[in-house]
Amino acid sequence: MLLTYLAHFIGAMFLVNAIPHTVFGVCGRPFQSPFASPPGVGLSSPVVNVLWGGINMVIGCGLLLLVGEFNPGQLADLAITLAGGWLAAFGLARYFGRFYFSATPADKQ
């Protein structure tokens, strides 16, 4: 049971991480990825981001649908999954926000 909840928590994190990479890639804009130089800071091409977003989607769906039974009607399963998604969303917002909304251009390095 604990392994299932952990898989769903992490799966939700992967699904949330898929969103910005896929959206930026589909819009044709470069975006940070682990494959950039430096990793996670430099920009990757839109195609790389679409691929990375897709990989995140496959991993996230796999963890949600193939590990245990994902039952959003069960309060504990829903709460654990939402917590993973929200944690990822807030963490990514803080991380990527420093590149786009910092006070000075020097802060973006």
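Throughout, residue positions are numbered sequentially from 1 according to the sequence presented. A quick note: this is a predicted structure, and the numbers were derived from the prediction, not measured.
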Query raised in the report: Got a sec: does the CZ of Phe90 have more than 12 other heavy atoms crowding it under 6.0 Å?
Result: no

Report task. Over all heavy atoms of both residues, which pair between Leu43 and Pro30 is shortest? Give the atoms and the distance, please. Result -> CB-CB, 3.9 Å

Query - Donor + acceptor pair across side chains of Asn56, Asn17 (<3.5 Å) - result: yes

Query raised in the report: Phe9 and Ala83: which non-hydrogen atoms are nearest, and at how many Å?
Result: CE1-C, 3.7 Å

Query - Any side-chain heavy-atom pair of Val23 and Ile19 under 4.5 Å - result: yes

Query raised in the report: When clusters are formed by joining ILVMFWY residues with side-chain heavy atoms under 4.5 Å apart, either directly or through shared neighbours, do Leu87 and Tyr5 land in the same one?
Result: yes

Query raised in the report: Are Trp52 and Met13 co-members of a hydrophobic cluster defined by side-chain heavy atoms under 4.5 Å apart?
Result: yes

Query raised in the report: Where do Phe70 and Asp77 come nearest, in terms of heavy atoms and distance?
Result: CA-OD2, 3.4 Å

Query raised in the report: Are Ile10 and Ile55 connected in a single hydrophobic cluster, I mean Ile/Leu/Val/Met/Phe/Trp/Tyr linked by side-chain heavy atoms less than 4.5 Å apart?
Result: yes

Report summary line: Closest non-hydrogen contact found for Pro34 with Pro39 is O-CB, 3.5 Å

Query raised in the report: Is Phe35 linked to Phe14 within one hydrophobic cluster, defined over Ile, Leu, Val, Met, Phe, Trp and Tyr using a side-chain heavy-atom separation of less than 4.5 Å?
Result: yes

Query raised in the report: Does Ile80 share a hydrophobic cluster with Ile59, counting links as ILVMFWY side-chain heavy atoms below 4.5 Å and allowing steps through other members?
Result: yes

Query - Met57 side, atom CE; Thr22 side, atom OG1 - distance, nearest 0.5 Å - result: 3.0 Å

Report task. Measure up the Phe31 and Phe96 rings against each other and bin them: parallel (under 30°), tilted (30 to 60°), perpendicular (over 60°). Result -> tilted

Query raised in the report: So, does Asn49 use its side chain to make a donor-acceptor pair with the main chain of Ser45 at under 3.5 Å?
Result: yes

Report task. Would you confirm whether His8, through its side chain, and Val67, through its main-chain N or O, come within 3.5 Å as a donor-acceptor pair? Result -> yes

Report summary line: For His21 and Gln32 the tightest heavy-atom approach is CE1-O, 2.9 Å

Query raised in the report: Considering all heavy atoms of both residues, which atom of Ala12 and which atom of Gly84 are nearest to each other, and what is their separation?
Result: CB-C, 4.1 Å

